[in-house]
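Both backbone and side-chain heavy atoms feed into the values below; hydrogens, waters and symmetry mates do not. From a predicted model like this one, the values you see are computed outputs, not experimental measurements. Below, chains carry the letters A, B, ... as their sequence lines are ordered, and counting in each starts from 1.
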Amino acid sequence: MENNSSTLLQLQTRYGEDTFTQQTTKDEMLTLWVPMDKIVDVLTFLKKEVTEPFKLLFDLTAIDERTKNRGANHVPKSSFTLVYHLFSFTRNEFIRLKVGLVGDFPTAPSISSLWANANWYEREVYDMFGIRFSGHPHMSRILMPRTWVGHPLRKEHPARATEMGPFQLYDDKVDLEQAALKFNPEEWGLQRQSDDSDFMFLNIGPQHPGTHGVLRIILQLDGEDIVDAIPDIGFHHRGAEKMGERQSWHTYIPYTDRIDYLGGVMNNLAYLQGVEKLAGIEVPERVKYIRVMLCELFRIASHLVWYGTFAQDIGQLSPVFYMFSDREKIFDIIEGICGGRMHPNWFRIGGVAQDLPKGWEALVQSFIDYFPKRLKEYDNMVMKNSIFKARTVGIGIFTLEEAIEWGVTGPNLRACGMDWDFRKKRPYSGYEMFDFEVPTASNGDCYDRAIVRVAEMRQSLRIVEQCLKNMPDGPFKSDHPLTTPPVKKNTMHDIETLITHFLGVSWGPVIPAGEAMSCIEATKGANGYYLTSDGNTSPYRVRIRTPSFPHMQMLPYISKGYTVADLLSILGAMDYVLADIDR
Amino acid sequence: MEAAAPNYFLIIGGVLFVMLNVAAALIWIERRMLALWQDRYGPNRAGPFGLLIIAADSLKLFFKQDWTPPFADKPVFVLAPAIVVVSVLLSFVVIPFAPGIIVADLNIGLLFFLAMSSMGAYSIILGGWASNNKYSLLGAMRGAAQMISYEVFMGLALMGVVLMAGSFNLREIVEAQSGLWFFIPQILGFVIFFIAGIAETHRLPLDIPEAESELIAGFHSEYSGMKFGMFFIGEYMGITLISCMVVTLYFGGWLGPDFLPPIVWFIIKVAAFLMIFILLRASMPRPRYDQLMEFGWKILLPLTLLNLMVTAAVVLWLEG
């Protein structure tokens with residue numbers, strides 16, 4: 001908090017006391033309202049001039065404020081709010097800037113020339129809210145189909161099919177959709193030929209064995225060399241953020257499971273960290289340990305899938321089978337504890353769904369004994385293989401500065417040599433109690449990204465082992481009244497608890513008005529949920545900041561000049577899932 | 001020679017029958033062996049040990065819609081898969097399976113084999129070109145470069161054997177190995193021939209013209225039904241052919257201790273090499289196209305030439 005006030009002071013001395021309106025939030029993050037005409041200036045100052053600058057544009061999003069129950073929170077009135085989250089590695093501090101926009105379809109200045117990764121974020125805001133950015137090089141839809149009518153995250157846009165008229169596919173609509181599918185290189189800013197060669201356009205995906213999901217990449221090729229690559233995303237978009245606005249705080253948890261679908265309960269954690277901040281819930285020790293253990297098991301599971309499929313992208317057929325059968329062993333543990341496998345939906349507001357079952361120790365112990373040997377075997381099979389090295393060393397390099405400029409987090413950032421891990425630097429859910437290392441590598445190429453992930457699996461295993469040894473006794477749920485489902489044991493003794501319990505179970509909890517952002521080190525990088533509550537049974541706005549989105553945005557930048565075969569190495573090493581990009 | 005005629009047709013029929021069946025059986029063998037090495041079951045439901053998967057697979061291929069894309073160059077599109085099967089089958093003509101079991105005892109048998117394997121490159125190029133698909137085209141381009149380059153090393157590697165045996169006749173080459181199998185003096189030639197053989201049959205790790213994770217199925221992306229089946233069978237016959245050639249040229253062909261008949265020795269040796277082909281597929285990643293080319297021209301070519309010169313010098317010295 002001391003640092004926070006110094007940032008504010010610096011900003012105020014430069015721009016005047018009255019420029020900023022400070023807002024208090026539940027996550028105690030410095031939150032400032034900035035007038036629209038000053039925002040580009042302020043952001044430039046924070047990125048480039050201030051001491052210990054905010055180098056990372058962590059997130060950029062908007063909120064439709066028009067139907068919000070504003071209550072007593074004294075903030076400027078606006079119909080839309082743009083929210084910028086910046087992060088400074090040197091200060092280890094977030095800052096949130098807000099810009100109020102007036103009017104139904106407002107325009108804001110673009111910052112895409114200030115941060116490389118602002119480009120897609122601004123397109124997303126345009127796509128979802130209809131807010132235009134002046135000065136943006138390619139203001140077009142990004143997640144929704146090009147023929148979509150309306151902007152989904154605006155409050156007047158229907159959230160479910162029953163609110164819309166019946167769907168009918170008239171002939172002219174067919175023609176329109178067909179015309180929209182026609183590929184026209186100029187629309188993507190691609191040239192058909194250069195001075196000395198005609199380019200070939202190769203459409204990779206959305207159905208392609210190498211893209212790991214419904215991702216489309218438009219390649220501009222000169223022979224087999226990539227001149228430009230343009231990812232076309234949105235095929236996996238399910239409106240997870242929109243759904244948050246009509247689900248209750250509690251019933252939204254299973255949706256989060258499916259964001260990074262390899263991360264399982266790790267997504268629950270990211271979301272619940274935010275909810276618990278809003279509600280002011282402190283969870284018991286045992287809950288922290290259970291959560292950490294399951295999260296780390298899922299980190300290993302996710303990395304195993306990445307490991308196997310990466311090797312397969314390089315052409316090695318067998319590893320993927322070994323790694324999937326190891327993942328099965330993890331799922332045996334998960335299944336024993338949660339009952340579910342990939343999407344166990346196990347964490348709850350203020351705790352976990354149930355206590356650990358009898359005999360869980362034996363399951364976890366057998367995996368801890370079994371796994372290190374296998375990892376060693378995989379090192380010999382994959383990491384030390386000379387063809388594998390030839391395909392990955394020196395491919396898809398980016399430097400640390402470029403990584404931060406593009407918003408890269410997680411193992412991909414650590415492969416550039418920075419030991420930034422949110423578990424270590426901003427511990428959450430009790431990670432400060434565990435002894436583990438943050439593996440890094442130095443070259444920032446595909447091979448180094450692999451080294452970091454492989455080393456991370458060993459560290460995760462260490463954490464799981466510590467959970468096993470030190471698992472504390474105690475309740476598996478907090479006794480805070482907003483814990484959902486609430487603790488039952490007192491309900492029959494006094495009327496107050498009975499009422500809270502009844503409401504908590506029937507309506508779902510009413511989370512106090514406010515806003516909070518959580519940020520966790522997910523399997524693929526920094527995953528953040530920025531939650532806004534206006535004191536209702538469901539969130540007013542759920543913003544999900546996923547790591548894969550900025551990673552994929554970087555693809556054109558790091559794949560230019562390589563060949564088609566290298567593109568597969570780059571994609572494989574990136575470790576993304578489409579649900580994590582499109583949400 | 002009146003009496004020899006029926007025998008002759010028997011051999012032709014026999015070789016044809018056996019080779020087509022070996023190719024079909026390899027579907028099952030490869031899938032079972034891959035499964036064994038990859039910790040899974042593989043096809044184990046149809047018939048004993050899943051053997052009927054061969055019948056099921058063949059029936060499936062025959063009854064699938066035989067679709068020719070409207071944008072393809074039809075005559076060439078149909079011709080391409082036939083070329084691979086014909087050229088590989090014709091190569092078997094010169095293989096001496098055992099004393100007396102050979103279709104055509106050509107005195108230029110080895111050259112005939114090289115000529116036929118060059119023909120195989122046409123099927124990839126024509127198939128990829130006629131498909132009129134960008135993935136196929138990329139695959140065909142890669143395939144053409146790869147096969148033509150590796151043919152060079154293949155041919156040059158074989159010359160060591162020819163020098164030692166003093167003949168292009170495969171039967172005489174086998175007979176010349178009665179003292180010492182050629183893979184000992186010609187170990188370098190053997191390794192290079194085997195690598196070139198993998199490249200010729202474009203099997204993993206050198207399946208660059210297909211490269212599933214990059215090019216979907218490369219040159220045969222557009223093929224379906226029995227036209228695809230021809231490529232499929234052609235590939236299996238290709239690895240059988242390369243195994244037969246390796247055995248004939250370097251591992252003494254049918255030669256072996258007397259307690260087993262020569263043909264059995266030949267089959268055992270070929271089977272061992274088929275297994276190596278499958279094991280390679282289970283274990284190796286795929287190099288990049290330009291890396292393969294670099295490896296060929298910068299490493300294999302000098303090595304082959306060195307091998308050839310040393311062999312020639314030694315042969316001359318021994319004779320002189």
With no hydrogens and no angle check, is any side-chain donor or acceptor of B:Ser123 less than 3.5 Å from a backbone partner on B:Ile83?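 No, the answer is negative, given that no donor and acceptor are paired below the 3.5 Å cut-off.
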Under 3.5 Å, side chain of B:Ser224 to main-chain N/O of B:Gln65, donor-acceptor pair present?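 Yes, the answer is positive, given that a donor and an acceptor are paired below the 3.5 Å cut-off.
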Engaged part of [X] at the chain B interface, taking heavy atoms whose separation is under 4.5 Å:
X	value
A:Ile395	side chain
A:Leu567	neither
A:Leu317	both

Discussion item. Taking every non-hydrogen pair under 4.5 Å, which of A:Val564, A:Val382, A:Ile387 racks up the most with chain B?
Written reply: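 The candidate making the most pairs under 4.5 Å is A:Ile387.
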I want to know whether B:Phe231 and B:Tyr236 have ring centres closer than 6.0 Å.
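Ring centroids of B:Phe231 and B:Tyr236 are no less than 6.0 Å from each other.
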Does the ring centre of B:Phe232 sit less than 6.0 Å away from the ring centre of B:Phe228?
->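 Yes; B:Phe232 has its ring centre under 6.0 Å from that of B:Phe228.
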Check: Under 30°, 30 to 60°, or over 60°: which ring-plane class applies to B:Phe153 and B:Tyr150, parallel, tilted or perpendicular?
Finding: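 Perpendicular: the ring planes of B:Phe153 and B:Tyr150 meet at over 60°.
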Table up the donor-acceptor pairs between chain B and chain A that sit under 3.5 Å, atom names plus distance.
{"from": "B:Trp37", "atom 1": "O", "to": "A:Tyr322", "atom 2": "OH", "distance (Å)": "2.4"}
{"from": "B:Gln38", "atom 1": "NE2", "to": "A:Ser318", "atom 2": "OG", "distance (Å)": "3.0"}
{"from": "B:Lys134", "atom 1": "NZ", "to": "A:Phe201", "atom 2": "O", "distance (Å)": "2.4"}
{"from": "B:Tyr135", "atom 1": "OH", "to": "A:Asn203", "atom 2": "O", "distance (Å)": "2.8"}
{"from": "B:Arg142", "atom 1": "NE", "to": "A:Glu224", "atom 2": "OE1", "distance (Å)": "3.4"}
{"from": "B:Arg142", "atom 1": "NE", "to": "A:Glu224", "atom 2": "OE2", "distance (Å)": "2.5"}
{"from": "B:Arg142", "atom 1": "NH2", "to": "A:Glu224", "atom 2": "OE1", "distance (Å)": "2.8"}
{"from": "B:Ser213", "atom 1": "OG", "to": "A:Asp313", "atom 2": "O", "distance (Å)": "2.9"}
{"from": "B:Glu214", "atom 1": "O", "to": "A:His208", "atom 2": "NE2", "distance (Å)": "2.8"}
{"from": "B:Ala282", "atom 1": "O", "to": "A:Ser318", "atom 2": "OG", "distance (Å)": "2.3"}
{"from": "B:Ser283", "atom 1": "O", "to": "A:Gln316", "atom 2": "NE2", "distance (Å)": "3.2"}
{"from": "B:Arg286", "atom 1": "N", "to": "A:Ile314", "atom 2": "O", "distance (Å)": "2.9"}
{"from": "B:Arg286", "atom 1": "O", "to": "A:Arg391", "atom 2": "NH1", "distance (Å)": "2.7"}
{"from": "B:Arg288", "atom 1": "NH1", "to": "A:Asp566", "atom 2": "OD1", "distance (Å)": "2.8"}
{"from": "B:Arg288", "atom 1": "NH1", "to": "A:Asp566", "atom 2": "OD2", "distance (Å)": "3.3"}
{"from": "B:Gln291", "atom 1": "NE2", "to": "A:Ala390", "atom 2": "O", "distance (Å)": "2.8"}

### Task
Please list, chain by chain and in numerical order, all residues satisfying side-chain contact (heavy atoms from CB on, under 4.5 Å) with B:Leu36, sequence neighbours excluded.
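side-chain contact (heavy atoms from CB on, under 4.5 Å) list for B:Leu36, sorted by chain: B:Met33.
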Residues in side-chain contact (heavy atoms from CB on, under 4.5 Å) contact with B:Leu188, at least two apart in sequence or another chain: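 Checked B:Leu188 against side-chain contact (heavy atoms from CB on, under 4.5 Å); matches are B:Ile192, B:Leu303, B:Asn307.
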Residues that B:Lys60 engages under salt bridge (charged side-chain N to carboxylate O under 4.0 Å, His left out), provided they are two or more places apart: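 Per chain and number, B:Lys60 pairs via salt bridge (charged side-chain N to carboxylate O under 4.0 Å, His left out) with B:Asp57.
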